[in-house]
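Below is one structure, written out as structure tokens; comments come after it.
All values derive from a computational prediction rather than experimental measurement.
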Amino acid sequence: MAGCVPALLLAWLAAAAAEGPEQAAPPAEPSRVQPMTASNWTLVMEGEWMLKFYAPWCPSCQQTDSEWEAFAKNGETLQISVGKVDVIQEPGLSGRFFVTTLPAFFHAKDGIFRRYRGPGIYEDLQNYILEKKWQSVEPLTGWKSPASLTMSGMAGLFSISGKIWRLHNYFTVTLGTPAWCSYIFFVIATLVFGLFMGLVLVVISECFYVPLPRASSEHCEQGQRPKEAQGAEQLQDAEEEKDDSNEEENKDSLMDDEEEKEDLGDEDEAEDGEEEDNLPGSMDEERSDTKYQGVLKERSVSQEELEPSEAHPANTQEVVEDSLRQRKSQHANKGP
């Protein structure tokens, strides 16, 4: 027994010596990268930030982890905050930033977001901030901004899809059900949910819709009919007024034509009288005799020709007047 005690003491001392250096090792330095979730993502709206979207199963994301940690340690000197988003745990944030490739990097400055498309290397990231290369990158504005209403809706859709994916994994992995059973479940759930939402919309429309009583509807129809009749009467009155105005215009044009003809006849007679006064008396007598003889002959000829057509006396008078005018013009041209 006495020999066993020193052996136990020696073993204990050896174990203590072996555990001593491990306990004396300094603790691991905490990460300076801040995890971002749906509850604290609004912190990036103030100050300057760099965000990384990653997935635990992504190999390229794992390659940039050390570079991202080194960049976060130097964040105090650069006066910038560094964060990361796990798209598996936070599908809503990936939808808000519309992340389609991994890893994805974003720069935020006072609520203005820009996509960083360079390599996730420490030196490139540091130069991007120090040289302010982000100023030459077009910011995400309008509906593309993560703070916009459209991207908020996109975040909701992505979060719903993430919940469905987790439920599918629970059915297939945890419970061990076949995948086709899970798909049938989601199809039936979608149909039931659609029918339920349609029923809710019908109930809401019935609650807010107030039907009109029959008496009021009949009164409205009766009121509309007189309006239609009045409209038809107004159209008829307008057409009648147009016809009356057209008739008056035609009458006025006819009267104007008749007045112009009378004025022309008076002017011709006045000109003939002046020409006859200028001619000598002897010439007037001889010519007047010849004129009267010619006129009598022409009248006799015209009457003989026009006796069968007695239905147009106005035309015969116009022919006689035209012949007289022609004779007078010829005598006037032969004058001195």
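Within a 6.0 Å radius of CD in Gln135, more than 12 heavy atoms belonging to other residues, nucleotides or ligands are found. Atom OH of Tyr170 has 12 or fewer neighbouring heavy atoms from other residues, nucleotides or ligands inside a 6.0 Å radius.
Counting only heavy atoms from C-beta outward, the side chains of Leu78 and Phe71 approach each other to under 4.5 Å. A heavy-atom distance below 4.5 Å is found between the side chains of Met36 and Trp49. Residues Ser94 and Val85 have side chains not in contact (no heavy-atom distance under 4.5 Å, counting atoms from C-beta outward). The side-chain heavy atoms of Leu102 and Tyr54, taken from C-beta on, include no pair separated by under 4.5 Å. Looking at Arg117 and Val137, their side chains never come closer than 4.5 Å, going by heavy atoms from C-beta outward. Residues Ile129 and Glu48 have side chains in contact (heavy-atom distance under 4.5 Å, counting atoms from C-beta outward). In this structure the side chain of Trp68 reaches within 4.5 angstrom of the side chain of Leu125, judged on heavy atoms. A heavy-atom distance below 4.5 Å is found between the side chains of Ile88 and Trp165.
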Worksheet item: Step by step, would you call Leu140 with Phe98 a side-chain contact (heavy atoms from CB on, under 4.5 Å)?
Response: CA-CA 11 Å; Leu140 301 175; Phe98 202 71; over 6 Å; no
Discussion item. Please determine whether side-chain contact (heavy atoms from CB on, under 4.5 Å) holds for the pair Asp65 and Gln62, giving the CA-CA distance in whole Å, both sets of side-chain angles, and the decisive distance to 0.1 Å.
Written reply: CA-CA 5 Å; Asp65 286 343; Gln62 295 173 2; 4.1 Å; yes
Discussion item. Let's go through Leu43 and Trp41 carefully: what are the C-alpha distance in whole Å and the side-chain angles of both, what is the deciding distance for side-chain contact (heavy atoms from CB on, under 4.5 Å) to 0.1 Å, and is it a yes or a no?
Written reply: CA-CA 5 Å; Leu43 294 175; Trp41 82 272; over 6 Å; no
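In terms of modelled atom types and a separation under 3.5 Å, the side chain of Glu67 and the main chain of Tyr122 share a donor-acceptor contact. Distance alone, capped at 3.5 Å, places no donor-acceptor pair between the Ser182 side chain and the Pro178 backbone. Formation of a donor-acceptor pair under 3.5 Å by the Ser159 side chain with backbone atoms of Gly92 is not found in this model. In this structure, the side chain of Gln34 does not engage the main chain of Val82 through any donor-acceptor pair within 3.5 Å. For the pair Glu46 (side chain) and Asp110 (backbone), a donor-acceptor distance under 3.5 Å is absent. Put simply, the side chain of Arg96 never gets that close to the backbone of Ala155: no donor and acceptor are under 3.5 Å apart.
Note on ring orientation: taking the six-membered ring where Trp is involved, the planes of Phe53 and Phe97 are tilted (angle from 30° to 60°). Below 30°, between 30° and 60°, or above 60°: for Phe171 and Phe185 the angle between ring planes is above 60°, a perpendicular geometry.
Between Tyr116 and the options Tyr128, Phe106, Trp134, a ring-ring contact (aromatic ring centres under 6.0 Å, His included) holds for only Tyr128. Considering Leu191, Val192, Thr190 as possible partners of Ile188, the one that fulfils the side chain to side chain contact (heavy atoms under 4.5 Å, CB included) test is Val192.
Nearest heavy-atom pair across Arg114 and Pro139 is CG-CA, 3.7 Å. When all heavy atoms of Ser205 and Val202 are compared, the pair lying nearest together is OG-O, 2.7 Å. Annotation for Val87 and Ala55: closest pair CG2-CB, 3.9 Å, computed over non-hydrogen atoms. When all heavy atoms of Pro91 and Phe158 are compared, the pair lying nearest together is O-CB, 3.1 Å. The heavy-atom pair separating Gly83 from Val33 by the smallest distance is C-CG1, 3.9 Å. Considering all non-hydrogen atoms of both residues, Ala179 and Thr172 come closest at CA-CG2, 4.1 Å.
Cluster annotation: Ile204 is connected to Phe196 through the hydrophobic network of ILVMFWY side chains, with a link wherever side-chain heavy atoms come within less than 4.5 Å. In terms of hydrophobic clustering, with Ile, Leu, Val, Met, Phe, Trp and Tyr side chains grouped at heavy-atom distances under 4.5 Å, Phe105 and Ile80 are assigned to a common cluster. Both Leu51 and Met45 are assigned to one and the same hydrophobic cluster, defined by single-linkage of ILVMFWY side chains at heavy-atom distances under 4.5 Å. In this structure, Ile112 is not a member of the same hydrophobic cluster as Val44, with clusters built from ILVMFWY side-chain heavy atoms closer than 4.5 Å.
In this structure, Lys84 NZ and Cys61 SG are separated by 11.5 Å, a value rounded to the nearest 0.5 Å. Rounded to the nearest 0.5 Å, atoms OG (Ser81) and CZ (Arg32) are 11.5 Å apart. Note that CZ of Phe113 and NZ of Lys144 are 15.5 Å apart. Values are rounded to the nearest 0.5 Å. In this structure, the separation between CE on Met154 and CE on Met151 is 5.5 Å, given to the nearest 0.5 Å. With values rounded to the nearest 0.5 angstrom, Leu195 atom CG is found 11.0 Å from Phe193 atom CZ. Going from atom CG of Leu175 over to atom SG of Cys181 covers 11.5 Å, rounded to the nearest 0.5 Å.
A donor-acceptor pair shorter than 3.5 Å can be found between the side chains of Glu69 and Ser31. A donor and an acceptor atom, one from each side chain of Lys52 and Thr64, are located under 3.5 Å apart.
Residue pairs meeting the salt bridge (charged side-chain N to carboxylate O under 4.0 Å, His left out) criterion with at least one member in residues 124-142, sequence neighbours excluded: Glu131-Lys133.
Ring centroids of Trp180 and Tyr183 are separated by 6.0 Å or more, keeping the two rings apart.
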